[in-house]
Amino acid sequence: PELKSKKVGRSVATLGFSPDSRWLARLENAVPVTADYSMSSIELGDVVVGPADGGPGEKLGVTAKDFNFAPDSSAVAFLEKYSFSTRGGAGTVTVATIPGGKPKSLWTKARNHTWSSNGKYLAFAAYMFSKEQGASADLFVYTLGEETPIKVRSGVWGGYSVGPKSDYLMARADCSRMGETKMGETGMPRACDLYMLELGKPNAEPKKVAPGIFSFKISDEGERVLVT
């Protein structure tokens, strides 16, 4: 068939199709932003989602760093109003169902986010600050369609991952460096305890499954976890 080009956006920084190939998302009107502590820059733009054939799209968010389609293409999540004023960079984690869903802001100062494989859960880490504990990176889980996310665990400086069957979430928390608990401005921690939370179970609490690990990797079938 004859291929014809079509202009779909202006000053586009990033673009990508949904897993079912029905939708096209992009960051339009992008501008480069450089962090004070780094010579490198990233481009922030408006999140626009429209038909995959290049038809008109709908603006869902502004000054966003990235976007992430749910694996079942039912929704898109992104960090909007992204700023380096928060250490390391952070934004408001926002989700919108597709098509036609109204963008829903879940939490400010979010660092990153990831979907479960079934598209039902969105996990994200966000900075929290208090005079008593200083800075902390807390882990939240949002169930698509619910009103608010649920806080899973505080002090998750060591990363997190959703199991491939969407039945559990694993995270490194309670981290230490050189034998002392270190959070806030002291640098990234090293050894952390590994916790597991069963998803889809009301009032479930994260359980410690391994102490003092440096990394973990979930197997492809989700039945095993390799730790170092």
Side-chain angles (χ1 to χ4, degrees), residues 19 68-79 90-98 101 103-130 132-176 181-183 188-228:
N68 190 7
F69 280 109
D72 64 354
S73 302
S74 63
V76 63
F78 48 90
L79 297 180
T92 299
V93 60
T94 305
V95 63
T97 55
I98 301 172
K104 184 179 182 62
S105 298
L106 301 179
W107 209 269
T108 61
K109 295 183 176 62
R111 304 169 61 196
N112 45 50
H113 55 89
T114 187
W115 286 101
S116 61
S117 61
N118 62 4
K120 185 177 180 179
Y121 306 106
L122 180 70
F124 62 90
Y127 289 113
M128 303 292 287
F129 301 91
S130 68
E132 295 76 18
Q133 298 182 351
S136 176
D138 293 356
L139 182 62
F140 297 80
V141 172
Y142 173 68
T143 302
L144 196 63
E146 294 293 325
E147 186 62 29
T148 57
I150 296 175
K151 181 178 174 180
V152 173
R153 183 78 193 180
S154 60
V156 182
W157 293 102
Y160 59 94
S161 182
V162 181
K165 297 179 182 179
S166 304
D167 52 351
Y168 64 83
L169 172 69
M170 304 200 86
R172 293 171 62 225
D174 299 342
C175 303
S176 63
T181 298
K182 296 290 185 182
M183 291 189 293
M188 291 301 293
R190 298 187 65 186
C192 310
D193 295 338
L194 181 63
Y195 288 84
M196 182 181 76
L197 173 72
E198 293 184 81
L199 298 174
K201 292 189 175 182
N203 304 317
E205 294 288 338
K207 299 178 181 179
K208 185 189 295 187
V209 295
I213 70 165
F214 288 82
S215 66
F216 72 95
K217 180 176 177 58
I218 302 173
S219 63
D220 292 339
E221 79 282 357
E223 300 297 329
R224 297 176 176 84
V225 180
L226 175 68
V227 301
T228 61

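- Minimum interatomic distance between Ala70 and Pro19 (heavy atoms only, all atoms of both residues): O-CG, 3.6 Å.
- Heavy-atom minimum distance, Thr94 versus Ser105: OG1-OG, 3.9 Å.
- Residues passing the side-chain hydrogen bond (donor to acceptor under 3.5 Å, both in side chains) test with Asp167: none are found, sequence neighbours excluded.
- When every heavy atom of Asn118 is checked against every heavy atom of Ser116, the shortest pair comes out as OD1-OG, 2.6 Å.
- Looking at every heavy atom in both residues, Ile98 comes nearest to Phe69 through CD1-CE2, 3.5 Å.
- The salt bridge (Lys or Arg N to Asp or Glu O under 4.0 Å) contacts involving residues 145-166 comprise Lys104-Glu147, Asp138-Lys151, Arg153-Asp174, Lys165-Glu223, where partners must be two or more places apart or lie in separate chains.
- Legend: residues meeting side-chain hydrogen bond (donor to acceptor under 3.5 Å, both in side chains) with Ser117, ordered by chain and number and at least two apart, are Ser166.
- For Ile218 against Pro164, the heavy-atom pair with the smallest separation is CG2-CD, 3.8 Å.
- When the options Phe140, Trp115, Tyr142 are evaluated for a ring pair (Phe, Tyr, Trp, His ring centres under 6.0 Å) with Phe124, the one that passes is Phe140.
- In terms of heavy atoms, Ala173 sits closest to Cys192 at O-CB, 3.5 Å.
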Anything under 3.5 Å between a donor and an acceptor, one on a side chain of residues 199-217, the other on a protein residue two or more places apart or in another chain? List them.
| residue | atom | partner | partner atom | Å |
| --- | --- | --- | --- | --- |
| Lys201 | NZ | Glu198 | OE1 | 2.9 |
| Lys208 | NZ | Asp193 | OD2 | 3.3 |
| Ser215 | OG | Thr228 | OG1 | 2.4 |

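- Between the Ser74 side chain and the Asp72 main chain, no donor and acceptor come within less than 3.5 Å of each other.
- Counting only residues at least two apart or in different chains, salt bridge (Lys or Arg N to Asp or Glu O under 4.0 Å) contacts with residues 118-128 are absent.
- Separation of atoms CG (Leu122) and CG (Leu144) is listed at 8.5 Å; rounding is to 0.5 Å.
- Residues forming a side-chain hydrogen bond (donor to acceptor under 3.5 Å, both in side chains) with Asn112 (at least two apart in sequence, or on another chain): Tyr160.
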